[in-house]
Amino acid sequence: MGAVQDPASAAANQANREEADARSVFVGNVDYACTPEEVQQHFQSCGTVNRVTILTDKYGQPKGFAYVEFLEVEAVQEALLLNESELHGRQLKVLAKRTNVPGMKQFRPRRFNPYMGYRFRRPYVPPYFYSPYGYGKAPRFRRPMRYMPYY
């Protein structure tokens, strides 16, 4: 199931990811019909494009944003100047790519919901689970006879 990594290779992998993120930009509001080659042509003036990734949903449809990775770190500053430029009639949003911090979304407190009530809500328990005889006590009952005797 889960592969166990030694801490040295995990730290090296994280360092490589951070170094690649420093050479990358986020491109928002990308047209759904846009191909990676067209995005590469748009950012070619900034520097050498290493990779263009257009993210898709589970059905293969584009999500409307992309990541462009350059070979040089200086190309990111040039690419940020292309913010609000047009591609396929849409105004692009270009930002420096953030490095994902693992565990950042782990502990998120719940917000107050006025429709939930003020105290902790227990799950609904049907009334036939409540025993009128108390906890752990079973009612006494007679076993029904198979047939009624005629007297």
Side-chain angles (χ1 to χ4, degrees), residues 1-139 141:
M1 288 276 158
V4 178
Q5 284 186 331
D6 61 321
S9 69
N13 193 10
Q14 181 70 18
N16 288 342
R17 205 174 304 143
E18 288 176 8
E19 191 266 330
D21 288 347
R23 294 182 284 118
S24 302
V25 291
F26 165 84
V27 184
N29 201 21
V30 177
D31 187 33
Y32 297 119
C34 210
T35 62
E37 290 79 21
E38 291 169 330
V39 176
Q40 181 177 356
Q41 287 295 321
H42 189 76
F43 286 95
Q44 199 68 43
S45 62
C46 304
T48 310
V49 177
N50 187 27
R51 173 180 17 194
V52 175
T53 307
I54 297 179
L55 275 80
T56 58
D57 61 5
K58 63 180 179 179
Y59 302 109
Q61 302 299 319
K63 286 187 173 182
F65 60 92
Y67 293 105
V68 180
E69 183 183 325
F70 296 99
L71 286 177
E72 310 90 14
V73 179
E74 296 80 25
V76 172
Q77 297 303 320
E78 296 290 325
L80 293 177
L81 298 175
L82 288 178
N83 189 22
E84 298 181 359
S85 62
E86 279 201 10
L87 178 66
H88 277 248
R90 291 183 126 195
Q91 199 172 26
L92 297 180
K93 181 179 180 182
V94 182
L95 300 169
K97 185 173 186 289
R98 295 184 293 129
T99 301
N100 191 20
V101 179
M104 193 66 172
K105 197 177 174 185
Q106 191 171 9
F107 302 109
R108 205 164 97 201
R110 287 183 176 257
R111 293 189 350 211
F112 173 72
N113 186 353
Y115 304 106
M116 285 292 285
Y118 291 105
R119 55 193 168 92
F120 176 73
R121 294 184 54 144
R122 294 187 310 222
Y124 175 71
V125 179
Y128 55 83
F129 277 113
Y130 294 119
S131 172
Y133 303 102
Y135 177 75
K137 295 183 180 174
F141 62 91

First locate atom [atom1] of [X], then atom [atom2] of [Y], and finally report the distance between them rounded to the nearest 0.5 Å.
| X | Y | atom1 | atom2 | result |
| --- | --- | --- | --- | --- |
| Gln77 | Cys46 | CD | SG | 10.5 Å |
| Arg98 | Phe26 | CZ | CZ | 9.0 Å |
| Thr48 | Glu72 | OG1 | CD | 4.5 Å |
| Glu37 | Gln44 | CD | CD | 12.0 Å |

For [X] and [Y], work out which heavy atoms get closest and say how close.
| X | Y | value |
| --- | --- | --- |
| Ile54 | Pro62 | CG2-CB, 4.2 Å |
| Ala79 | Val94 | O-CG1, 3.4 Å |
| Val76 | Ala22 | CG2-O, 3.4 Å |
| Ser85 | His42 | OG-NE2, 3.0 Å |
| Glu38 | Ala33 | OE1-O, 4.1 Å |
| Leu80 | Ala96 | CD2-N, 3.6 Å |

Can you say whether the rings of Phe43 and Phe70 are parallel (under 30°), tilted (30 to 60°) or perpendicular (over 60°)? perpendicular

Check whether any side-chain heavy atom of Arg17 lies under 4.5 Å from a side-chain heavy atom of Thr99, and answer yes or no.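 Counting from C-beta outward, Arg17 and Thr99 never come under 4.5 Å.
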
Tell me if a side-chain donor or acceptor on Asp21 pairs with a main-chain N or O of Lys97 at a distance below 3.5 Å.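 Not at all, since once roles are kept as given, no pair shorter than 3.5 Å links the two residues.
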
Just jot down the side-chain hydrogen bond (donor to acceptor under 3.5 Å, both in side chains) partners of Gln41, sequence neighbours excluded, or say none.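 So Gln41 forms no side-chain hydrogen bond (donor to acceptor under 3.5 Å, both in side chains) with any residue.
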
How would you list, by chain and number, every residue that makes a side-chain hydrogen bond (donor to acceptor under 3.5 Å, both in side chains) with Asn83, sequence neighbours excluded? none

Out of Asp31, Val39, Val30, Leu82, which residue meets the side-chain contact (heavy atoms from CB on, under 4.5 Å) rule with Leu92?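 The side-chain contact (heavy atoms from CB on, under 4.5 Å) with Leu92 is passed solely by Val30 among Asp31, Val39, Val30, Leu82.
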
Pairs meeting criterion side-chain hydrogen bond (donor to acceptor under 3.5 Å, both in side chains) with involvement of residues 56-71, two or more places apart: Arg23-Glu69, Asn50-Glu69, Arg51-Glu69

